[in-house]
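Below: the structure, in structure tokens.
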There are 2 protein chains.
Amino acid sequence: MEQKKNLTIKDIAKLANVSPGTVDRVIHNRGKVSDKALAKVSVVLEEIQYKPNVFAQSLKKQKSLYFSVLIPRKEDDGYWRTAHEGITRAIEDFDHFGIDVKVTSFNSKLPADFTSKANEILSESPNGLLITPVFLQESLDILKKFENAGIPYVTFNTKIPDLNPSCAIGQNLKQSGRLAANLIDHCCKQMGNLLIIHLDENPGNAPHMIQKENGFREYFQSRNHNMEIKSIVIPHREPALINDILNKQAGDLRNVTGAFVTTAKVHLVAYPIKSRFNDCVVIGYDPTANNIDGIKSGTIDFLINQNPYMAAYEGIAKLTDLLVFGKNIDPEKLLPLDIITSENLDSYLLN
Amino acid sequence: MEQKKNLTIKDIAKLANVSPGTVDRVIHNRGKVSDKALAKVSVVLEEIQYKPNVFAQSLKKQKSLYFSVLIPRKEDDGYWRTAHEGITRAIEDFDHFGIDVKVTSFNSKLPADFTSKANEILSESPNGLLITPVFLQESLDILKKFENAGIPYVTFNTKIPDLNPSCAIGQNLKQSGRLAANLIDHCCKQMGNLLIIHLDENPGNAPHMIQKENGFREYFQSRNHNMEIKSIVIPHREPALINDILNKQAGDLRNVTGAFVTTAKVHLVAYPIKSRFNDCVVIGYDPTANNIDGIKSGTIDFLINQNPYMAAYEGIAKLTDLLVFGKNIDPEKLLPLDIITSENLDSYLLN
DNA sequence: ATTATATTTGTGTTCGAACACACAAAATCA
DNA sequence: TGATTTTGTGTGTTCGAACACAAATATAAT
């Protein structure tokens with residue numbers, strides 16, 4: 001029932017009246033054990049709750065475990081830069097567990113790059129993989145291969161159906177849309193009109209944007225109000241183009257009291273919005289360097305923290321739990337939806 | 001310069017041309033080493049960055065480390081209940097590092113209880129202590145004794161000057177007051193009047209309340225507005241008494257648009273406030289069971305999460321880092337100031 | 001019955017650090 | 001100079017699990 005304290009293999013051997021070697025064979029079922037011996041050992045194992053000494057185990061195995069990480073390049077986005085920092089920190093923290101981590105980056109706009117890098121990693125057969133499966137079909141294809149190769153993997157940032165990662169780390173995106181709506185609701189008291197802005201990517205290729213928008217709209221559907229909620233798609237990152245489209249699509253709008261930008265690129269539109277619509281509440285994602293400036297200068301009011309730092313860090317932590325300590329880990333880890341304002345920004349930054 | 005990978009004591013011995021025993025003696029400076037040998041070994045140790053193998057170390061030392069935890073009883077407050085949960089979880093998580101944790105609770109209203117329990121712990125000379133030094137003078141006295149006994153301790157919840165804990169875990173309280181002000185500012189647009197409510201404790205004995213109030217007022221000082229900000233002290237927890245004092249002190253107030261309650265007891269006043277002042281924004285602390293109900297029913301708008309769960313968990317984690325892995329740990333760990341609303345509540349609850 | 005072959009079981013070594021203990025070298029005293 | 005103490009150094013065992021290999025037993029083939 002209750003686990004006795006620290007029974008060793010030798011103890012078990014004594015209890016079962018066999019040799020330590022036999023117990024070892026049973027535990028790792030590496031065959032060559034008579035039914036009789038197996039029965040004896042099994043009984044004892046049932047009885048006591050054998051927990052191997054992780055220290056002895058790791059010492060012996062010298063498990064220089066090899067983890068691979070595949071994420072977009074840090075220069076692709078402040079979001080990814082932060083993710084890289086989380087990885088770096090995790091490597092430092094878990095270093096002495098004898099793990100060996102190799103980080104590979106891909107261009108987040110090039111599916112082919114993703115696939116080729118992933119295949120390269122596969123050929124090195126790491127003990128575990130941490131990956132951001134940003135491309136749906138490509139990810140499915142390649143990760144099935146990892147499954148077949150028996151290489152456990154943890155995903156973060158994106159969740160892909162039909163895959164069975166050891167753990168999927170992420171956030172409830174629809175809920176984060178609802179949260180944005182909730183904040184705007186608190187500030188605007190259901191007056192004026194609202195904007196949803198999709199930036200630098202096309203919602204068609206970025207399901208996460210859709211989910212956020214759905215959540216946002218859902219929140220207001222259940223409340224009576226007479227605000228207009230308008231979605232604008234700006235698949236560019238150049239200021240001139242952004243202004244252009246903003247003029248075309250929102251030029252006729254009056255009295256906009258809230259704007260919800262569905263990505264970390266929010267800093268690109270914050271000022272244009274604020275200068276057009278006075279006192280408009282601007283909400284976006286992630287405290288990247290540019291967005292931090294926005295928060296401090298007041299062009300951005302709220303940021304929802306997708307916490308790439310923690311997500312990446314947790315990814316390595318989960319792999320370590322799984323492979324170093326042999327723990328069971330939950331197949332999904334939902335990160336909290338942090339709200340960041342000018343006044344709690346620092347508390348999220350210093351670590 | 002760069003640390004070679006995994007040099008062992010034997011390797012060092014070979015490099016320095018001495019025996020492993022000598023290297024060991026130098027590393028742990030347990031004497032009996034000639035100046036000549038010491039010099040040789042020191043040179044090599046400078047050269048390479050020796051990092052002992054934690055697994056071998058722990059295996060040998062069989063360090064059944066004994067940690068003591070001293071915190072208020074879980075029934076004293078939802079805050080403390082959550083802290084207990086964090087401890088429990090940490091014990092589970094770190095169990096296999098061979099640590100042994102004993103939790104002692106004291107009545108958070110009785111300094112004498114605190115002192116006697118602490119002395120009892122001291123007499124058991126644990127390897128480390130996690131403590132919430134809620135009573136200023138008593139904590140100073142007893143923790144000095146721990147320092148003299150060479151027992152490292154980590155504090156959380158309260159920070160006491162003149163003490164040198166291995167790590168002080170907590171939040172920037174003044175900043176959390178500013179954050180509350182910031183949220184109210186966003187919602188109220190500097191119209192109407194504001195309340196600060198101190199509940200169930202007297203600010204005189206609870207410095208944390210003062211700091212929060214100071215932060216709150218400071219935020220508005222730097223902005224021009226003509227709101228009245230009134231502080232109310234209600235050193236009770238009985239609904240009747242609360243209503244009574246509220247009537248006396250706020251009976252004449254009109255148009256209150258925001259109320260900031262400085263503790264986790266916010267649920268006790270949320271409804272009275274909301275029913276008196278329609279649309280008043282209510283902000284308090286911590287998602288305790290009662291406050292969760294308040295958030296869900298809409299009587300509470302925002303909660304700032306003091307995160308006792310994480311604070312307590314981190315406490316055990318820090319002790320483990322320090323004593324099991326011999327890491328250097330930062331003397332202060334500031335936790336983020338999480339903002340909780342009805343829409344991100346769940347993301348903080350499920351773990 | 002007697003090798004030969006397969007199956008099962010036991011023993012011994014290893015991982016790296018900690019520490020006890022034995023021995024060697026130098027220092028002190030007679 | 002020899003006896004004795006002090007100091008310095010090296011060797012060997014231990015922790016618990018993993019695994020290689022040898023030993024013992026059982027089974028099959030001749």
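Proteins come first, then strands; the chains are lettered A, B, ... in the order of their sequence lines, and each starts at number 1.
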Close side-chain approach of A/P308 and A/N157, heavy atoms under 4.5 Å: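 No - every pair of side-chain heavy atoms lies 4.5 Å or more apart.
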4.5 Å side-chain heavy-atom contact, B/Y50 and B/V44: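 They are not in side-chain contact.
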Closest-nucleotide 5' rank along DNA chain C - winner of B/P52 and B/R25: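 Its nearest nucleotide being more 5', the pick is B/P52.
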5'-most by nearest nucleotide on DNA chain C - B/A56 or B/P20: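 It is B/A56 whose nearest nucleotide is closer to the 5' end.
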More than 12 heavy atoms of other residues, nucleotides or ligands under 6.0 Å from [atom1] of [X]: yes or no?
| X | atom1 | answer |
| --- | --- | --- |
| A/K117 | NZ | yes |
| A/K10 | NZ | no |
| B/D35 | CG | no |
| A/N328 | CG | no |

Least distance between heavy atoms, A/F156 atom then A/A83 atom: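 In terms of heavy atoms, the two residues are closest at CZ-CB, 4.2 Å.
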Heavy-atom pair of closest approach, residues B/L319 and B/P152: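 That closest heavy-atom pairing would be CD2-O, 4.4 Å.
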Basic-acidic side-chain contact under 4.0 Å: A/E147, A/K144: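 Salt bridge between A/E147 and A/K144, a charged N being under 4.0 Å from a carboxylate O: yes.
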Degree of bending, the helix from C/dA1-D/dT30 to C/dA30-D/dT1 (end axes from five pairs; round to 10°):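 Comparing the axis at each end, I get an angle of 60°.
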A/F106 and A/F114 aromatic ring geometry - parallel, tilted or perpendicular at 30°/60° bounds: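 If you compare the ring of A/F114 with that of A/F106, the planes turn out perpendicular.
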Residues touching DNA chain D, which here means a heavy atom under 4.0 Å, drawn from residues 8-16 of chain A: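 A/T8, A/I9, in order of number.
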Sugar-phosphate only, base, or nothing, as touched by A/N53 at under 4.0 Å among non-hydrogen atoms: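 Counting heavy atoms under 4.0 Å across all strands, the contact made by A/N53 is with sugar-phosphate only.
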First-last contacting nucleotides on DNA chain D - partner chain B, under 4.0 angstrom, heavy atom: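 Contacts span D/dG8 to D/dG16, reading 5' to 3'.
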Any A/S19 side-chain nitrogen or oxygen under 4.0 Å from OP1 or OP2 of C/dT11: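 No, outside the criterion.
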